[in-house]
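One structure is given here, and the rest of the page talks about it.
Residues take their numbers from the sequence shown, with the count starting at 1.
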Amino acid sequence: MALVAVLIVAGLYLAHRALAIVAAPLTCLPFQSGWPPEEHALSRHHVRWYLATLLFLAFDVEMLFMYPWAVVVAQMGATALVEMFIFLGGVFVAVLWAWREGALRWV
């Protein structure tokens with residue numbers, strides 16, 4: 001009886017493999033939160049979004065450095081304060097550069 005069950009399952013599997021119509025995976029897979037795709041899933045984004053992403057990463061890294069600094073600033077004293085202002089000055093220069101390059105324009 002087990003042999004008959006295995007043969008039936010194997011026969012159904014082979015029939016499915018032989019008769020199934022295979023769709024192109026890039027055109028039938030959902031993307032953009034399940035909405036029907038209006039463009040190809042691998043289409044390129046406008047270059048301004050890369051600048052916005054780099055700006056976001058700059059602020060993300062800034063927070064990455066500021067959290068441990070906040071823990072030790074009382075122990076380190078004025079040295080930690082001066083170092084943080086130097087770091088924030090560098091971040092400010094980067095924001096001014098991004099502003100000049102147009103990374104903050106959204107239209």
Under a side-chain separation threshold of 4.5 Å, the hydrophobic residues clustered together with Leu12 are Val4, Ile8
Could you check if a side-chain atom of Val73 sits within less than 4.5 angstrom of a side-chain atom of Met84, using non-hydrogen atoms only?
-> no
Any link between Met63 and Val91 through a network of hydrophobic side chains (Ile, Leu, Val, Met, Phe, Trp, Tyr) touching at under 4.5 Å?
yes
Members sharing Met76's hydrophobic cluster, built from side-chain contacts under 4.5 Å between Ile, Leu, Val, Met, Phe, Trp and Tyr, are Val71, Val72
The complete set of ring pair (Phe, Tyr, Trp, His ring centres under 6.0 Å) pairs with one or both residues in residues 53-78, sequence neighbours excluded, reads Phe65-Phe87
Using a 4.5 Å side-chain heavy-atom cut-off and chaining through intermediate ILVMFWY residues, the residues clustered with Leu19 come out as none
Review point. Yes or no on side chain to side chain contact (heavy atoms under 4.5 Å, CB included) for Val93 and Trp97, after CA distance, side-chain angles and deciding distance?
Key: CA-CA 6 Å; Val93 168; Trp97 175 80; 5.6 Å; no
Separation between OG1 (Thr53) and CG (Asp60), nearest 0.5 Å, reads 11.5 Å
Excluding Met1, membership of its hydrophobic cluster (Ile, Leu, Val, Met, Phe, Trp, Tyr; side-chain heavy atoms within less than 4.5 Å) reads none
